[in-house]
Enquirer: 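A single structure is presented below for examination.
Below, all heavy atoms of this structure are taken into account, side chains as well, without hydrogens, waters or symmetry copies. Start at 1 and go down the list; that is how both ligands and their atoms are numbered.
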Amino acid sequence: MPRPIDLHTHSSVSDGTERPTELIRSAVASGLGTVAITDHDTTEGWAEALEAAEGTGLAVVPGMEFSTRWEGKSIHMLAYLVDPENLELREETLRIRESRLTRAETIVQKLAADFDISWQDVLAQTSDGATIGRPHIADALVARGIATDRSQAFHDILHPSSGYYVPHYAPDPLKAIELIRGAGGVPVLAHPATRGVDHLISRTNLDHLVAAGLFGLELKHRENDPAAAAILAEQAKELGLVITGSSDYHGTGKPNRLGENTTEPEVLEKILSEGTGSSAYSG
Ligand code: AMP
Ligand code: FE
Ligand code: FE
Ligand code: ZN
């Protein structure tokens, strides 16, 4: 039996709760054979993760989860094996991270009108240089006793319809695919069925993503709606897209457990032969 392959995890370099080193230790302890580190809009965790994997027998696929927006909706694009030094990719992800920072400050200003919370509280929950997001604000609300956990903070306070929400800059997914491909990477649409059958990506839009260079769909993910994922599975077959499965592990920040969804070894092989910007590391 090949050991399980989990291609979507976060460390504290974005909104996970474990350092890359701890994430690798957790992956080894969970019995994974391969893990991808896919922090939001950054490749900064790669070096530490690869170093931690040395001698463990765990393979690490370097990746990133690219924030994009299309027709007013947030869409996440997994990017495997990009060249982390690629200038265009670096500039665009820096622009997103900077916008995330000012946007988080604005959200906290709005919250401070109604709750006892400050920007310092959020910084106290954020690792230096990390890609900041609402999860860090959620952690600050929990530390202040305003929310019980991240899920409740999202549900009651940080939800887009809450009135405190502010969007951040993000390119459209066509642009993201162009940047990922330009950096030798492999683009896979993250959790594309979370909004259910009624709000599923249209076939026309999916065709546009495929024409731009989309390689796969992350259909095995706990937040995907099963009926919507089944529709996309049919379309993936027709369009020649690979299907991946992963946990979207965030440490203690989410209930998602490492290896709860996995990717077939044949699919991993296809991704590894497609990506030219960087290489997987066999620890
Ligand atoms: P942001 O990047 O600031 O828009 O926040 C989105 C991030 O929040 C996602 O990447 C998830 O990791 C996290 N998130 C969204 N909903 C929840 C939830 N209900 N509980 C915990 N984390 C969540
Ligand atoms: Fe996240
Ligand atoms: Fe995501
Ligand atoms: Zn994710």
Side-chain angles (χ1 to χ4, degrees), residues 6-18 20 23 35-43 45 61-70 72-80 93 95-108 110-111 122 125-126 130-142 147-162 164-171 173 176 187-195 201 216-224 244-258 260-261 263:
D6 188 339
L7 295 183
H8 184 166
T9 70
H10 295 267
S11 76
S12 58
V13 171
S14 64
D15 55 6
T17 57
E18 297 174 347
L23 168 66
V35 72
I37 176 169
T38 54
D39 279 309
H40 298 283
D41 309 308
T42 182
T43 61
V61 179
M64 185 177 80
E65 189 174 12
F66 209 131
S67 304
T68 83
R69 185 169 300 108
W70 216 12
K73 286 180 196 152
S74 160
I75 291 180
H76 287 171
M77 188 70 67
L78 292 159
Y80 299 110
T93 50
R95 187 176 171 196
I96 300 169
R97 293 198 307 275
E98 285 176 348
S99 171
R100 280 175 161 282
L101 183 61
T102 48
R103 166 261 201 166
E105 287 171 333
T106 310
I107 293 177
V108 173
K110 291 174 116 186
L111 287 171
V122 177
Q125 300 299 327
T126 311
T131 302
I132 203 160
R134 283 176 290 159
H136 302 100
I137 303 174
D139 290 346
L141 290 166
V142 173
T148 53
D149 57 21
R150 277 190 185 182
S151 295
Q152 198 235 327
F154 268 89
H155 186 266
D156 293 348
I157 303 174
L158 297 170
H159 197 262
S161 58
S162 70
Y164 300 109
Y165 183 81
V166 179
H168 61 76
Y169 164 77
V188 171
L189 191 58
H191 43 73
T194 53
R195 294 185 178 96
I201 180 172
L217 300 176
E218 185 189 51
L219 292 186
K220 291 181 281 172
H221 183 290
R222 69 154 69 201
E223 284 159 44
N224 280 336
T244 67
S246 22
S247 64
D248 206 353
Y249 180 71
H250 281 69
T252 57
K254 275 191 162 189
N256 311 32
R257 293 300 91 195
L258 285 165
E260 65 175 31
N261 281 295
T263 296

Enquirer: Between D6 (side chain only) and S247 (backbone N and O only), is there a donor and an acceptor less than 3.5 Å apart?
Expert: yes

Enquirer: Any side-chain donor-acceptor pair under 3.5 Å between N256 and H250?
Expert: no

Enquirer: Any N/O/S atom from E65 (main chain or side chain) under 2.8 Å of the Fe ion (ligand 3)?
Expert: yes

Enquirer: Show me which atoms of ligand 1 lie under 4.0 Å from any heavy atom of G253.
Expert: 21 (C)

Enquirer: For atom 12 (O) of ligand 1, what's the nearest protein heavy atom and its distance?
Expert: H250 NE2, 2.8 Å

Enquirer: Could you tell me if H8 and D248 have a donor-acceptor pair between their side chains, going purely by distance under 3.5 Å?
Expert: yes

Enquirer: Quick one: does R134 get an N or O within less than 3.5 Å of an N or O on ligand 1?
Expert: yes

Enquirer: Mind checking whether the Fe ion (ligand 3) has an N, O or S of H191 under 2.8 Å?
Expert: yes

Enquirer: Please work out which of R103, H168, E223 has its closest non-hydrogen atom nearest to atom 3 (O) of ligand 1.
Expert: R103

Enquirer: Taking only heavy atoms of H40 into account, list the atoms of ligand 1 that are under 4.0 Å away from them.
Expert: 10 (O)

Enquirer: Between the side chain of T263 and the main-chain N/O of G245, is any donor-acceptor distance below 3.5 Å?
Expert: yes

Enquirer: Near the Fe ion (ligand 3), is there an N/O/S atom from H76 that is less than 2.8 Å away?
Expert: yes

Enquirer: Check whether the side chains of Y169 and E98 place a donor and an acceptor atom closer than 3.5 Å, and report yes or no.
Expert: no

Enquirer: Could you report the tightest heavy-atom contact between E218 and P192, atom names first, then the distance?
Expert: O-CD, 3.0 Å

Enquirer: Measuring from the Zn ion (ligand 4), name the closest N, O or S atom belonging to D248.
Expert: OD1

Enquirer: What's the spacing between N224 CG and H191 NE2 if we round to 0.5 Å?
Expert: 8.0 Å

Enquirer: Hey, could you give me the NE2/OG distance between H136 and S12, rounded to the nearest 0.5 Å?
Expert: 8.0 Å

Enquirer: Going by the order shown, which atoms of ligand 1 are within less than 4.0 Å of some heavy atom of S151?
Expert: 19 (N), 20 (N)

Enquirer: Is there a donor-acceptor contact under 3.5 Å from the side chain of T17 to the main chain of T252?
Expert: yes

Enquirer: How does D15 reach ligand 1, if at all, at less than 4.0 Å between non-hydrogen atoms: by side chain, backbone, both, or neither?
Expert: side chain

Enquirer: Starting from atom 22 (N) of ligand 1, what is the nearest protein heavy atom, named by residue and atom, and what distance separates them?
Expert: K254 CE, 3.5 Å

Enquirer: Taking only heavy atoms of G133 into account, list the atoms of ligand 1 that are under 4.0 Å away from them.
Expert: 3 (O)

Enquirer: Please state which part of H10 comes within less than 4.0 Å of ligand 1, counting heavy atoms only: side chain, backbone, both or neither.
Expert: neither

Enquirer: In ligand 1, which numbered atoms sit nearer than 4.0 Å to a non-hydrogen atom of P135?
Expert: 5 (O), 7 (C), 8 (O), 13 (C)

Enquirer: Could you identify the N, O or S atom of E65 positioned closest to the Zn ion (ligand 4)?
Expert: OE1

Enquirer: If you apply the rule side chain to side chain contact (heavy atoms under 4.5 Å, CB included), what do you find for D39 with H10, and how did you get there?
Expert: CA-CA 5 Å; D39 279 309; H10 295 267; 3.7 Å; yes

Enquirer: By atom name, which N, O or S atom belonging to H10 lies closest to the Zn ion (ligand 4)?
Expert: NE2

Enquirer: R222 versus K254: any side-chain heavy-atom pair under 4.5 Å?
Expert: no

Enquirer: Would a 4.5 Å heavy-atom cut-off, applied to side chains only, mark I201 and W70 as touching?
Expert: yes

Enquirer: When only distance counts, is R100 in polar contact with ligand 1, meaning an N/O pair under 3.5 Å?
Expert: yes

Enquirer: Do me a favour and list the nearest non-hydrogen protein atom to atom 8 (O) of ligand 1 with residue, atom name and distance?
Expert: F154 CZ, 3.1 Å

Enquirer: Return yes when at least one N/O/S atom of H8 is nearer than 2.8 Å to the Zn ion (ligand 4), and no when none is.
Expert: yes

